[in-house]
Amino acid sequence: MIIKGATLFDGTGAARKLRQDVALEGAVIKAVGEDLPANGDARVVEADGLALMPGIIDTHTHYDAQITWDPGLTPSPELGVSSVVIGNCGFTIAPCREQDRDLVMRNLTQVEGMSLDVLRNGIDWNFESFPEYLDALEARGAAINVAAFIGHSALRTYVMGADAVERAATPEEIERMAGIVGEAMRAGAVGFATSTAPQHNGWGGIPMPSRLADDAELLALARAMRSEGYGLFMLTKGDRTDVAYLEELAGKADCPIMIAALLHNPTNPGGTLTELARIGEARARGHELWGQVSCCPLTMDFSLASAYPLEGLRAWKPAAQATGPELRRVLADPSFRQAVKDELAQPAGVRLFNGEWHKLVLTEAAKPENRPLEDRNVADLAAEAGQDPLDWMLDFALSEDLDSLFTALLLNSDEEAVGKMIRDPNASVALSDAGAHLTFFCDAGFGLHLMGHWSRELSHLSLEEAVHELTGKPAGIFRLPGRGTIAPGQAADILLFDPETVGRGPKRRVTDLPGGAPRLTTDAVGLHGLWVNGETIMDRDGRMLPGKRAGRLLRASA
């Protein structure tokens, strides 16, 4: 196949080239240049002035469960993504013993905003060990390429059982975990992922297992990952694991580290930029650290029946642990409310919700008589009622049996600050969380947002820079050879798009998960073709071709 007459963005950040042809042979790019000859049996695709770039590489997804029932990895391919990295934050489903499956699924419902019924109906548990999981993914196939982290919380549960959320590991348990990490790396894991973030709680508000790990455990597992000579250490940070700590870890384990999730917090406006500067200083000292940032405002839809934005608050723990009538009792308790108010009044380093009630909107009222209040913020509604905003929100939600839907603009809402973050040389743009938080938000189209909003509309970076940020740069950081650039011999992962219109559409709700459960999605704008390993995944009209499994399992190696 030859794609003819395109404007070429090759993924390296080099200046675009006009009227370029790209010839594909099988799964690789055969030639790039002007007026390439077409063999008699070659299929010719006329670009007609459109642009070509490598397929987007999304390095922060949570498709670990979904991929077992949805090899299409919806909606990433339809948003221009040709490769994903799963297992981020350590929230994986392998290794996992049969007796621990329900606990692992329950934890995912809490920490990643997933439906327990969807997980129970959807996951195909045809594996136990991590190598078996990779083999199962490879046998099933997927629409796009997949690389996988070995995840800390699943690993801890596998070795320690119920004690994984109770205590530090013993030296013998650490040794067993290290052995499993080494086994996973030999099977092709791209690295090891973990989290110390305070908002990462499992079922009943209990901290996710990785949060109980001490320094000795983290160092041992980082070294076990690097025992094979490769692998990236990924961590969603908490207050304990600051940049200085992670630089020391990188030095001791001789490993690159990806630090998530660096989002702009208006209550600490200089915090993220300061952290990126410290990462830059560590890099200058020879330690490969990266700060993972988002180009999207973090917006979440939620109800008080599952208030994920508030679960990072220590005072919210009684509500996170309660259900049914007990949850309603907790939410009505004046002492609980006062504890939440007191905590919100204190500054915090890592927190999703920071008491910005004017950024929290009533999106859907459950009772018809309350519909006139929709699309108004809680600060104004509470002021009119003469109440504290927290009291108004909880009273209103209780009056609607917790069926009210709220939307919170949590972080990354300051475009001037976010513009500086995405241009920072120490940052890597990602954090889509695709595959998780399905009813809360959908940022799987982050790459289209970077190209359309930040490049074309705001000119914060050139389109060449935006494409590099989404392709060649993550391929280099995550050591994905043959991916991320358009050049002879590279994998034929190619996206055809219109630079004048590319972007993402508004969010909408669909009901296509197992059992008919809902999720949020968004549509692509300005896409006209996607090829993965040389196979057509999306046609010229931007329509996905059903049933395609052109992706490959990207097994890492030295």
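A donor-acceptor pair under 3.5 Å is formed between the side chain of Trp454 and the backbone N or O of Cys295. In this structure, the side chain of Thr471 engages the main chain of Val467 through a donor-acceptor pair within 3.5 Å. Distance alone, capped at 3.5 Å, is enough to place a donor-acceptor pair between the Asn412 side chain and the Ser294 backbone.
Between Phe127 and Trp125, the ring planes lie tilted relative to each other; the angle falls in the 30° to 60° range. In this structure, His200 and Phe91 have perpendicular ring planes: the angle between them is above 60°, well past the 30° mark.
With Val165 as the partner, the side chain to side chain contact (heavy atoms under 4.5 Å, CB included) test is satisfied by one option alone out of Thr157, Ile206, Leu103: Ile206. Checking each of Glu311, Gln110, Arg211 against Asn201 for a side-chain hydrogen bond (donor to acceptor under 3.5 Å, both in side chains) leaves exactly one that passes, namely Arg211. Met208 pairs with exactly one of Val111, Thr236, Thr196 by the side chain to side chain contact (heavy atoms under 4.5 Å, CB included) rule, that one being Val111. A side-chain hydrogen bond (donor to acceptor under 3.5 Å, both in side chains) with Asp58 is found for exactly one of Ser83, Ser82, Ser76, Ser432, namely Ser432.
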### Query
Passes side chain to side chain contact (heavy atoms under 4.5 Å, CB included), Leu249 versus Leu235? Steps please.
CA-CA 11 Å; Leu249 179 65; Leu235 175 136; 6.0 Å; no
### Task
Take Leu352 and Leu298 through the test side chain to side chain contact (heavy atoms under 4.5 Å, CB included) and record every step on the way to the result.
CA-CA 9 Å; Leu352 283 181; Leu298 182 58; 3.6 Å; yes
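Defined by atom type and a distance below 3.5 Å, a donor-acceptor pair is present between the side-chain atoms of Asp215 and Tyr245. Checking Tyr133 against Thr92 by side-chain atom types alone, no donor-acceptor pair falls below 3.5 Å.
Atom CD of Glu98 is surrounded by 12 or fewer heavy atoms from other residues, nucleotides or ligands within 6.0 Å. For Arg314, the CZ atom counts as loosely surrounded, since its 6.0 Å shell holds 12 or fewer non-hydrogen atoms of other residues, nucleotides or ligands. Within a 6.0 Å radius of CD in Glu175, other residues, nucleotides and ligands contribute 12 heavy atoms or fewer.
Ion pairing of Arg479 with Glu288 is present here, as a side-chain N (NZ or NE/NH1/NH2) and a carboxylate O approach within less than 4.0 Å. Using a 4.0 Å cut-off between a side-chain N of Lys or Arg and a carboxylate O of Asp or Glu, Arg240 and Asp214 do not qualify as a salt bridge.
The minimum heavy-atom distance between Val190 and Met185, with the atom names listed, is C-CE, 4.3 Å.
Under a cutoff of 6.0 Å and an axis angle of 45°, Arg140 and Trp69 do not form a cation-pi pair.
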